[in-house]
Amino acid sequence: MVDAVVIIPTYDEIENIERIIRNVFSLQRDFDILIVDDSSPDGTALKVKQLQSDFSDRLFLIERKGKLGLGTAYITGFKWALERSYAFIFEMDADFSHNPNDLIRLYNSCAKGSAQLAIGSRYITGVNVVNWPMSRVLLSWCASRYVRFITGMDIQDTTAGFVCYKREVLEKINLEKIKFVGYAFQIEMKFKAYLLNFKIKEIPVIFTDRTRGTSKMSKGIISEAIFGVLKMKFNSLFNRYEI
């Protein structure tokens, strides 16, 4: 019985999806994969269905109607995983910015180490980002510094989207109360795990910008993170923040 599942949200990832799936399934440790696709016009979901004939008992697909956001995609995936017996639940991008080989290191940090939430961190040992323009490196690094300052979390890469949760973390967090739908979702999940006193560990990884497909970053996502973090911290100070 496989005890770990990798949740990969997709929207127009036809150029990456088969490679990422086959790469994960080629690892020495077994992981199941759940694709949560938001009605990709490019046929991403169709390609996943075709691959299911090769990996019928390990590759799963949820198709959603419309582009509903990264956060809600992960929440959908979390609920699906918690209905099953997975002990370790991962978040990972489809575009190879997260190296599938690092899944094993995150897994070991939770399964063999003391971590309850393991973060694939770009900034724990400096700045480990490849192929990003300096402007985006600075934006990401400063965002993490800003979130650390506002929230008080001792986490270097607060916006990281490459993580492993032990089941107990997601069982304790009320997924119905998650407010953010964009990349700020990653901050909110870490903040709730922090408030619940779960053991959080950062594992150094090298983040490589996508070479195929297009980024989903937007000004709205950045605004959500900047102002949403302030509101999140403010509410937590006055017991108005539901975990």
Side-chain angles (χ1 to χ4, degrees), residues 1-10 20-21 24-25 27-37 55-62 64 69-94 98-121 124 151 153-155 157-181 183-203 205 232 241-243:
M1 186 73 182
V2 178
D3 65 353
V5 60
V6 181
I7 301 171
I8 304 177
T10 56
I20 197 75
I21 287 171
V24 172
F25 285 146
L27 297 174
Q28 292 183 335
R29 172 165 291 282
D30 287 342
F31 296 90
D32 285 350
I33 297 177
L34 171 65
I35 304 296
V36 183
D37 186 73
F55 310 105
S56 59
D57 59 340
R58 297 181 60 193
L59 176 60
F60 305 94
L61 171 67
I62 295 176
R64 304 199 304 167
L70 181 76
T72 62
Y74 274 127
I75 290 170
T76 296
F78 293 159
K79 290 178 178 178
W80 181 94
L82 291 174
E83 290 171 355
R84 290 152 180 86
S85 58
Y86 296 109
F88 306 97
I89 300 164
F90 291 76
E91 298 180 13
M92 190 175 77
D93 290 348
H98 303 144
N99 186 337
N101 294 329
D102 289 326
L103 288 169
I104 295 175
R105 297 171 60 226
L106 294 176
Y107 177 92
N108 288 339
S109 182
C110 288
K112 299 180 181 180
S114 60
Q116 294 166 295
L117 167 57
I119 301 169
S121 176
I124 192 65
T151 64
M153 291 190 293
D154 187 20
I155 299 173
D157 195 350
T158 55
T159 61
F162 191 22
V163 299
C164 173
Y165 296 94
K166 291 189 77 169
R167 180 186 186 90
E168 63 211 53
V169 179
L170 296 180
E171 288 179 329
K172 194 70 179 291
I173 293 173
N174 187 343
L175 298 175
E176 302 296 337
K177 299 298 182 180
I178 300 295
K179 303 295 185 184
F180 298 143
V181 298
Y183 284 88
F185 164 83
Q186 305 293 1
I187 301 168
E188 185 174 11
M189 289 295 295
K190 294 177 184 68
F191 188 55
K192 293 195 173 191
Y194 164 78
L195 292 178
L196 289 166
N197 294 313
F198 285 113
K199 176 68 174 177
I200 302 172
K201 183 175 178 59
E202 291 184 85
I203 307 299
V205 299
M232 183 177 70
Y241 189 62
E242 298 179 88
I243 303 177

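Count residues from 1 along the sequence. What you see below is based on every heavy atom in this structure, not just the backbone, and it leaves out hydrogens, waters and symmetry mates. Keep in mind it's a predicted model, so treat the numbers as computed, not measured.
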(request) In plain terms, say whether Arg167 and Glu171 are close enough for a salt bridge, that is, a side-chain N and a carboxylate O under 4.0 Å apart. (result) yes

(message) Looking at Thr72, is its backbone amide N or carbonyl O close enough to the side chain of Arg64 to form a donor-acceptor pair, meaning the two atoms are under 3.5 Å apart?
(response) yes

(request) Return yes if some donor-acceptor pair links the side-chain N/O of His98 with the main-chain N/O of Asp93 below 3.5 Å, else return no. (result) yes

(request) Could you tell me if the ring centre of Tyr165 sits under 6.0 Å from that of Phe88? (result) no

(request) Please state whether the rings of Tyr107 and Phe90 are parallel, tilted or perpendicular, taking 30° and 60° as the class boundaries. (result) parallel

(request) Identify which one of Ile89, Val5, Leu34, Val169 satisfies the side chain to side chain contact (heavy atoms under 4.5 Å, CB included) criterion when paired with Phe78. (result) Ile89

(request) Taking all non-hydrogen atoms of both residues into account, name the closest pair between Asp157 and Gly120 and its distance. (result) OD2-O, 4.0 Å

(request) Might you confirm whether atom CG of Asp154 has over 12 heavy atoms from other residues, nucleotides or ligands at distances under 6.0 Å? (result) no

(request) Over all heavy atoms of both residues, which pair between Val2 and Asp30 is shortest? Give the atoms and the distance, please. (result) CG1-O, 3.6 Å

(request) Taking Gln116 for its side chain and Phe198 for its backbone only, find out whether a donor-acceptor pair lies under 3.5 Å. (result) no

(request) Over 60° means perpendicular and under 30° means parallel, so classify the ring planes of Phe55 and Phe25, tilted if in between. (result) tilted

(message) Tell me the closest heavy-atom pair linking Ala94 and Ile20, and the distance in Å.
(response) O-CB, 3.8 Å

(request) May I have the step-by-step check of side chain to side chain contact (heavy atoms under 4.5 Å, CB included) for Leu103 and Met92, ending in yes or no? (result) CA-CA 9 Å; Leu103 288 169; Met92 190 175 77; 4.0 Å; yes

(message) Please identify which of these residues, Ile203, Val6, Val163, meets the side chain to side chain contact (heavy atoms under 4.5 Å, CB included) condition with Leu106.
(response) Ile203

(message) Do the side chains of Glu188 and Lys192 get close enough for a salt bridge, i.e. N-O under 4.0 angstrom?
(response) yes

(request) Walk me through it: do Phe180 and Gln186 pass the test side chain to side chain contact (heavy atoms under 4.5 Å, CB included)? (result) CA-CA 9 Å; Phe180 298 143; Gln186 305 293 1; over 6 Å; no

(request) Determine whether Ile8 and Ile21 make a side-chain contact, defined as any pair of heavy atoms from C-beta on separated by less than 4.5 Å. (result) no

(message) How close do Lys201 and Ala115 get, counting heavy atoms only, and between which atoms?
(response) CB-CB, 3.8 Å

(request) Assess the side chains of Asp32 and Tyr86: does a donor N or O sit below 3.5 Å from an acceptor N or O? (result) yes

(request) Check Ile155 against Lys190 and note the closest heavy-atom contact, atom names and distance. (result) CD1-CB, 4.3 Å

(request) With side chain to side chain contact (heavy atoms under 4.5 Å, CB included) as the test, would you mind laying out the steps for Leu170 and Met189 before giving the verdict? (result) CA-CA 9 Å; Leu170 296 180; Met189 289 295 295; 3.6 Å; yes

(message) Looking at every heavy atom in both Pro100 and Leu27, which two are closest together, and how far apart are they?
(response) O-CD1, 3.4 Å

(message) Is there a side-chain contact between Arg105 and Val205 in this structure, where contact means two heavy atoms from C-beta onward sitting under 4.5 Å apart?
(response) yes

(request) Mind running side chain to side chain contact (heavy atoms under 4.5 Å, CB included) on Asn197 and Leu195 for me, showing each step along the way? (result) CA-CA 5 Å; Asn197 294 313; Leu195 292 178; over 6 Å; no

(request) Evaluate the salt bridge (charged side-chain N to carboxylate O under 4.0 Å, His left out) criterion for residues Lys179 and Glu242: first the C-alpha distance (whole Å), next the side-chain angles of each, then the deciding distance (0.1 Å), finally the verdict. (result) CA-CA 10 Å; Lys179 303 295 185 184; Glu242 298 179 88; 5.1 Å; no

